Each structure stands twice: as structure tokens, then as C-alpha cells.
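Everything numeric in this text was worked out from a predicted model, so none of it was measured. Each ligand, and each atom within it, is numbered from 1 in the order the structure gives.
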Amino acid sequence: MSDVIKQYLVKDEPYYRPVADEVALYEAAYSVRMPMMLKGPTGCGKTRFVEYMAWKLGKPLITVACNEDMTASDLVGRFLLDAQGTHWQDGPLTTAARHGAICYLDEVVEARQDTTVVIHPLTDNRRVLPLEKKGELVNAHPDFQLVISYNPGYQSLMKDLKQSTKQRFGALDFNYPESKIETEIVSHETEVDPATAGKLVSIAERARNLKGHGLDEGISTRMLIYAGNLIAKGVNVHAACRMALVRPITDDPDMRDALDAAVVTFF
Ligand code: ADP
């Protein structure tokens with residue numbers, strides 16, 4: 001393995017609590033280098049899962065958080081000018097393809113469609129990446145795999161992955177884990193006791209039922225961990241829940257009061 005890529009190895013085992021058969025399915029997908037799409041709401045464990053899988057498979061992981069200002073060059077690379085003249089610098093996707101890493105494009109739908117199409121030749125049986133500006137065709141390393149995350153809730157007609165992109169991937173569904181497992185995760189990731197973690201999960205379940213009825217997104221596992229961390233630091237439970245669970249997800253005063261009331265019900 002080249003030195004360029006060694007820095008991307010996941011050194012310590014990330015804590016990942018499997019929810020169903022996703023670990024075995026991903027291993028099978030990797031064994032045939034199938035490009036993968038991890039679908040699910042924000043903060044439900046997709047990134048943690050891919051970190052865990054990279055560690056388990058012993059492969060380096062290069063993660064790119066996608067945004068709408070991202071251009072194809074941000075993924076593929078560009079010529080840079082310095083005192084010695086111009087030189088080419090590989091972007092993260094090229095580094096992963098050239099040296100054999102798992103490349104994780106987080107929230108790929110945020111990127112513009114002209115950016116998304118650069119991944120196409122890497123996801124069919126050619127497994128190549130044309131660097132048009134440089135005039136080079138990179139053949140993907142045998143260990144290379146492309147993984148994208150996708151939140152089906154966010155999409156509008158204007159902003160969705162094209163079918164021609166979607167159909168290049170195998171997909172795994174992620175969701176907030178069932179309450180027993182989520183309680184286990186929250187108490188593992190924070191210093192709170194299981195009883196407190198369980199109450200946080202119950203509040204989240206209330207809020208998740210309001211999705212589509214005034215809330216765009218429910219309270220995520222990530223938010224429960226924030227709240228748990230504050231509580232473990234000695235912050236008043238109600239204040240911690242208001243700050244970490246309620247205020248971030250709603251600006252509507254009625255919804256805010258309803259969620260604050262749910263907090264008081266459980267604590
Ligand atoms: P996503 O990528 O889906 O937005 P993350 O992977 O960042 O979400 O998950 C947010 C946090 O939730 C993680 O940092 C981790 O602490 C926790 N988490 C969620 N699901 C799991 C799980 N199954 N096992 C371990 N931790 C989890």
C-alpha cells in the first residue's frame with residue numbers, strides 16, 4: 001500500500017452496533033466491488049457504518065462531504081501553480097481510485113449533476129476515471145470502491161439523483177435503530193446511564209412521529225448523543241434537551257412547545 005494512502009487507514013475499531021444483516025451484505029458487495037448507496041435520514045449511523053466497514057476490511061477510507069458549490073475538479077483534481085510552475089494535484093476521488101481506497105461521497109445529492117456524472121465511468125465495468133484536463137485515464141485500483149450516502153427525505157424534483165446515477169449502485173436502507181438498540185448506542189457513546197438514554201430515545205420517537213406533520217426531520221441518533229453528552233456534563237436535563245433536541249429542528253413556536261412538553265413528560 002502506498003504511503004499516500006496509508007494515512008487514510010482507520011486505525012482503531014470504530015464502535016458500530018449492527019442493526020440487521022448490513023455488515024454481511026456490505027462485505028459481499030465489497031467482494032465484488034459493487035458501488036454502494038447508503039440510504040437514510042441524517043444522523044442515523046451511515047458514516048459510522050462505512051468507517052467500521054473500512055476498518056473491518058482493512059481498507060483506507062477517503063470521505064468527501066458534498067455541497068452545491070463543489071465542482072468536478074474538487075473531486076478529480078486540478079493543476080496548481082507554484083514557484084516551480086504548474087503541477088497536477090489529484091482530488092480525493094482520483095486518490096482513492098489510483099491507490100485503492102473506499103471513497104465515501106457523503107450527501108452526494110447536494111453536488112450539482114455535472115459533478116455527479118464524473119463518477120459514472122468508475123461505477124460500470126470499465127472502472128476508469130478520465131482526467132480530461134490532464135489527458136490521463138486512471139484505471140481504478142482493484143481495491144477501490146465507491147460509496148455514496150443519500151437521504152431520500154430531502155429530495156425535491158429539482159434536486160435528486162438521476163436514475164442513470166442511482167442504477168449504478170447497490171443500496172442499503174438505514175433508519176434510526178429500534179429503541180432497545182438505540183438506547184444501547186446512546187449509553188455507549190455518552191456517559192449517561194441506560195435509563196436516561198432510554199428516556200432520550202422515547203422523546204426522539206415522539207418527535208419522529210411528527211415528521212411530515214409539522215417537522216421536516218425527526219430527532220436523530222446524533223442529536224440524542226449531543227443531549228446525552230450535555231447531561232453527563234451536569235447540564236440540567238430539560239435545558240440539555242431543549243438545546244440539543246428541540247431548538248435545532250423547529251422554528252415553529254407551537255411545535256417547539258409540543259416537543260418541550262414531551263421532554264417534561266419523560267423527565
Ligand atoms: P449519518 O452519516 O447517517 O448522518 P452518523 O454515522 O454520523 O450519521 O451517526 C451519528 C452518530 O450516531 C454516530 O457518530 C454514532 O455515535 C451514532 N450511531 C448511529 N447509529 C449507530 C450504530 N448503529 N452503531 C454505533 N453508533 C451509531
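With hydrogens left out, the protein atom closest to atom 19 (C) of ligand 1 is Gly45 CA, 3.5 Å, a heavy atom. Atom 24 (N) of ligand 1 has its closest protein heavy atom at Arg17 N, 2.8 Å. The closest protein non-hydrogen atom to atom 16 (O) of ligand 1 is Glu189 OE1, 2.5 Å.
The pair Glu182-Arg208 counts as a salt bridge, with a side-chain nitrogen and a carboxylate oxygen less than 4.0 angstrom apart. Checked for salt-bridge contact, Arg33 and Asp143 meet the test: a charged N lies under 4.0 Å from a carboxylate O. In summary, Asp124 and Arg168 engage in a salt bridge, as defined by a charged side-chain N under 4.0 Å from a carboxylate O.
The shortest N/O to N/O separation between Pro177 and ligand 1 does not fall below 3.5 Å. The shortest N/O to N/O separation between Thr47 and ligand 1 falls below 3.5 Å.
Remark: Leu245 CG to Leu259 CG distance equals 9.0 Å, nearest 0.5 Å.
Nearest-heavy-atom check against atom 22 (C) of ligand 1 across Ile225, Thr63, Val186, Ile185 picks out Ile185. The heavy atom nearest to atom 7 (O) of ligand 1, out of those in Arg222, Arg48, Glu182, Glu107, is found in Arg222.
Ligand 1 lies less than 4.0 angstrom from a heavy atom belonging to Gly43. By the 4.0 Å heavy-atom criterion, Cys44 is counted among the residues contacting ligand 1.
Neither the backbone nor the side chain of Phe49 comes within contact range of ligand 1; no heavy atom lies under 4.0 Å.
Using the six-membered ring where Trp is involved, Tyr15 and His188 have ring planes that are parallel, under 30° apart on the 30 and 60° scheme.
Pro60 places none of its side-chain heavy atoms less than 4.5 Å from the side chain of His99. Annotation: side chain of Glu217 is not in contact with side chain of Met223 (no heavy-atom distance under 4.5 Å).
When each atom of ligand 1 is checked for a heavy atom of Thr42 under 4.0 Å away, the hits are 4 (O). Annotation for ligand 1: atoms under 4.0 Å from non-hydrogen atoms of Thr221 are 12 (O), 19 (C).
In summary, of the residues considered (Glu107, Met37, Lys46), a side chain to side chain contact (heavy atoms under 4.5 Å, CB included) with Tyr150 occurs for Met37 alone.
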